[in-house]
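First up is the structure itself, then whatever we jot down about it.
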2 protein chains.
Amino acid sequence: MARLATLEIGLNAVIVSVAAGMPQIVQVGDPAGMKPDSLPFGPFDPLRHRTFEIGLRAWVEDQTALRLGYIEQLYTFGDRGRHSASSDKDPHVVSVGYLALTRQTPDAAEMLARHHSAWRSWYDYFPWEDWRDGRPGVLDKDMLPALEEWSRQPPSEDTPPRALGRSERIRLAFGNDPASWDEERALERYELLYEAGLIAEALHDGRPAALERSSIPKFGRPMRFDHRRILATALSRLRAKLKYRPVVFELMPQAFTLTELQTSVEAISGRHLHKQNFRRLVENADLVEPTGATSTATGGRPAALFRFRNTLYNERPAPGLRVGGR
Amino acid sequence: MARLATLEIGLNAVIVSVAAGMPQIVQVGDPAGMKPDSLPFGPFDPLRHRTFEIGLRAWVEDQTALRLGYIEQLYTFGDRGRHSASSDKDPHVVSVGYLALTRQTPDAAEMLARHHSAWRSWYDYFPWEDWRDGRPGVLDKDMLPALEEWSRQPPSEDTPPRALGRSERIRLAFGNDPASWDEERALERYELLYEAGLIAEALHDGRPAALERSSIPKFGRPMRFDHRRILATALSRLRAKLKYRPVVFELMPQAFTLTELQTSVEAISGRHLHKQNFRRLVENADLVEPTGATSTATGGRPAALFRFRNTLYNERPAPGLRVGGR
DNA sequence: TCAAAAGTGTTATCCTTACACCCATGT
DNA sequence: ACATGGGTGTAAGGATAACACTTTTGA
């Protein structure tokens, strides 16, 4: 068999936390301030680390001094041309993305700062995904017009054939009517924007032509390499998982009020939830139990504090929060 | 930075089809008849193939002469020691697993035979996953006793710490009471059996000690390398996806009766479904439409033939078949 | 006393589950 | 005629979504 090309496996971590009602991720900055943000990442070396997870934890601890708890594999990206300017001489880099959930401790921020990294709202990278205060204006003002213009252009010859046409894919990902927005389709939306050349990262990869001749705005804060795609994968996965596994509690402190829990779910799903129904949902899913104490922090009537019932596992397959409308 | 170890990426395909009411996969045999079954697989070479998917399709066509339609990435396995007898001198192999869904054509079987491969029921590899005729006897007769014996043994020192103990994990994966079986947890069940040394593959990897001193039966037909783990991943993923995306139709012919559709869903989920409710579910999910023709093949009243409404995509996010009880 | 946030009660509606029954064909 | 599988109707129960309303604190 012929000799294979040099391969390298990059491990990438999307480290998610919720603080002050905002979903945040750890971003590693460039000390010189020249390059876009990146995720904590490093190559996988099987001689040093027996598994991906061990390697990932080591890289993250190196770059951020954070000890990760819950982690989960997202996806492996292998396309050529996604990893910035690549020639056939460079090693080919395959990216394995991971999702990590963590609580934000008070001293975490300065610890990160010493490592040229910081927490940043994930909606800085995807402003159109935050519907908590209603439908974002960019959608109708800039994004959908630009996407529709793209859908009217004939696809180039080297585009792989697809089951659905461009306008069908747009309708599916962005919703037919303004009401039918599916927050789990964040990845599909990002990939459409990328293909349409409406994302700064598309410039670095193989598709400059469609872009330079127009002055279309590039949406959201860019990231290095394919890191924003990995982040979009994390967003979709976490939003979906929220509904069938009790993962929010990885982001909550030991004790919390139901409103704080609701705020966290809203931060992640990007939607506003109906207060009364949320409470009922949580309480009769038996996911939490009262600690007995109350919190008087918010101004207003003191709220009862709850904790996650982790004995839950012994009783039945643990569910999530099947949040529905509004 | 120090030199990295040699890495190789293996692409593996779980090719699923349903024929004669049985879920089947393509298995590549060993012409000499000495080695266990394997999945179609081959190394990823970025110089020859731009993406994983292109490479995978090429390998599958080489080994089985099948042209794949729907494919989807499952997971990437990177543990050392999973890929049979590995020393530090061999290249480290990372496995990227894919799920492919395909219709079975009449001539496919002999085409496969010429390539030393064949269709085989996936329940040959996981007999305990087929509940269509009630709870399989092996569970209570052999598997659960063996698992419980394992759960009583103290874990060895090099076992990574876990949130849940062995008996909790068994209860969660295999159900508390006989009624609460979650068919989507096929992967968790396989991994427990592997850890407990009740799977032939565990012998080849790092854990021979616990095995050789006992004469515990090894459950299900073994496969090469970590291929059975990839197959278990496919099982879990497909069973879950069935419920929220219309993927069954990738396995159905152009026209089919509702009973045939139900049989396919039952084959995959491994459960028996309630006939009347299944029909209603399908019909008022607007997933199918009558072709007008009828089939008289089964003996009894002729059944109306249906086809998948693929215009569905234009209307709303396409759902799956949320099959519930019975 | 008033604003703010916590917490409770009630109703209409839809979906799921289950059961009972009728229909069209081959033998 | 009767067995076999196809197909329909309907009622009970539970979950969801929406609404209005009461309670407890700080300022």
Side-chain angles (χ1 to χ4, degrees), chain A residues 20-21 132 179-181 183 242-244 252 255-266 269 271-307 316-317 319-326, chain B residues 20-21 132 179-180 242-244 252 255-266 269 271-307 316-317 319-326:
Chain A
R132 287 175 296 174
S180 74
W181 176 265
E183 79 270 10
L242 215 54
K243 293 175 188 163
Y244 62 92
M252 304 300 297
F256 47 83
T257 69
L258 291 185
T259 305
E260 286 164 353
L261 183 64
Q262 180 177 350
T263 306
S264 292
V265 173
E266 288 175 334
S269 67
R271 302 194 311 167
H272 177 247
L273 299 175
H274 193 257
K275 181 182 64 153
Q276 296 88 328
N277 292 340
F278 180 81
R279 306 178 77 83
R280 208 189 328 275
L281 184 70
V282 171
E283 287 191 298
N284 63 24
D286 272 334
L287 288 167
V288 298
E289 62 191 358
T291 65
T294 57
S295 159
T296 177
T298 40
R301 171 173 171 178
L305 286 170
F306 292 81
R307 75 176 134 246
R316 61 193 151 78
L321 293 168
R322 306 200 89 264
V323 292
R326 295 303 301 298
Chain B
R132 287 174 296 174
S180 75
L242 215 55
K243 293 175 186 162
Y244 62 91
M252 304 301 296
F256 47 83
T257 69
L258 292 186
T259 304
E260 286 165 354
L261 183 64
Q262 180 177 350
T263 307
S264 293
V265 173
E266 288 175 333
S269 67
R271 302 194 309 166
H272 177 247
L273 299 175
H274 193 257
K275 181 182 66 155
Q276 296 89 330
N277 292 340
F278 179 82
R279 307 179 75 83
R280 209 188 328 273
L281 183 71
V282 172
E283 286 191 299
N284 64 21
D286 272 334
L287 287 168
V288 297
E289 61 191 358
T291 65
T294 57
S295 159
T296 178
T298 40
R301 171 174 170 176
L305 286 170
F306 291 82
R307 73 175 136 248
R316 59 193 155 77
L321 293 168
R322 305 200 90 265
V323 291
R326 295 301 299 295

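Keep in mind that the numbers below use all heavy atoms, side chains included, and drop hydrogens, waters and symmetry copies. Lettering of chains follows the sequences in order, A, B, ..., and the numbering in each one begins at 1.
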Original post:
Just by distance, do the side chain of A/Q262 and the backbone of A/L273 share a donor-acceptor pair under 3.5 Å?
Top reply: yes

Original post:
For A/T294 and A/A304, which heavy atoms make the closest approach, and how far apart are they?
Top reply: CG2-CA, 4.1 Å

Subject >> Residue whose closest nucleotide on DNA chain D lies nearer the 5' end, A/R280 versus B/L258 >> reply: B/L258

**OP:** Could you say whether B/N277 or B/E260 is positioned toward the 5' end of DNA chain D, judged by the nucleotide with the nearest heavy atom to each?
**Re:** B/E260

Original post:
What residues, two or more places apart in sequence or in another chain, satisfy side-chain contact (heavy atoms from CB on, under 4.5 Å) together with B/E260?
Top reply: B/M252, B/F256, B/T257

Original post:
Which nucleotide sits closest to the side chain of A/R279: D/dG6, C/dG7, D/dA18?
Top reply: C/dG7

**OP:** Quick one, give me the B/S/- string for nucleotides 20-27 of chain D, reading 5' to 3', where B means a protein heavy atom under 4.0 Å from the base and S means that only happens at the primed atoms, P, OP1 or OP2.
**Re:** B--BBB--

Original post:
Under 3.5 Å, is there an N or O donor on one side and an acceptor on the other linking the side chain of A/K275 and the base of C/dG7?
Top reply: yes

Original post:
Roughly how many Å is it from CG in B/L273 to C1' in C/dT16, rounded to a whole number?
Top reply: 14 Å

Original post:
Base, sugar-phosphate, or nothing for A/T259, non-hydrogen atoms under 4.0 angstrom?
Top reply: sugar-phosphate

Subject >> Distance, rounded to the nearest Å, where A/F278 contributes CZ and D/dT16 contributes C1' >> reply: 15 Å

Subject >> Considering all heavy atoms, the nearest A/H272-A/R132 contact >> reply: CB-O, 3.9 Å

Subject >> Integer-rounded Å distance: C/dT17 P and B/R271 CZ >> reply: 9 Å

**OP:** Before giving the answer on side chain to side chain contact (heavy atoms under 4.5 Å, CB included), spell out for B/F278 and B/V265 the whole-Å C-alpha distance, their side-chain angles and the decisive distance to 0.1 Å.
**Re:** CA-CA 10 Å; B/F278 179 82; B/V265 173; 4.1 Å; yes

**OP:** For the side chain of B/A303, starting at C-beta, report the closest nucleotide among C/dT8, D/dC19, D/dG6.
**Re:** D/dG6

Original post:
Taking the side chain of A/E283 as its heavy atoms from C-beta onward, which of D/dG7, C/dT8, D/dA18 lies nearest to it?
Top reply: C/dT8

Original post:
At their closest point, which heavy atom of B/T263 faces which heavy atom of B/G21, and how far apart are they?
Top reply: CG2-CA, 3.8 Å

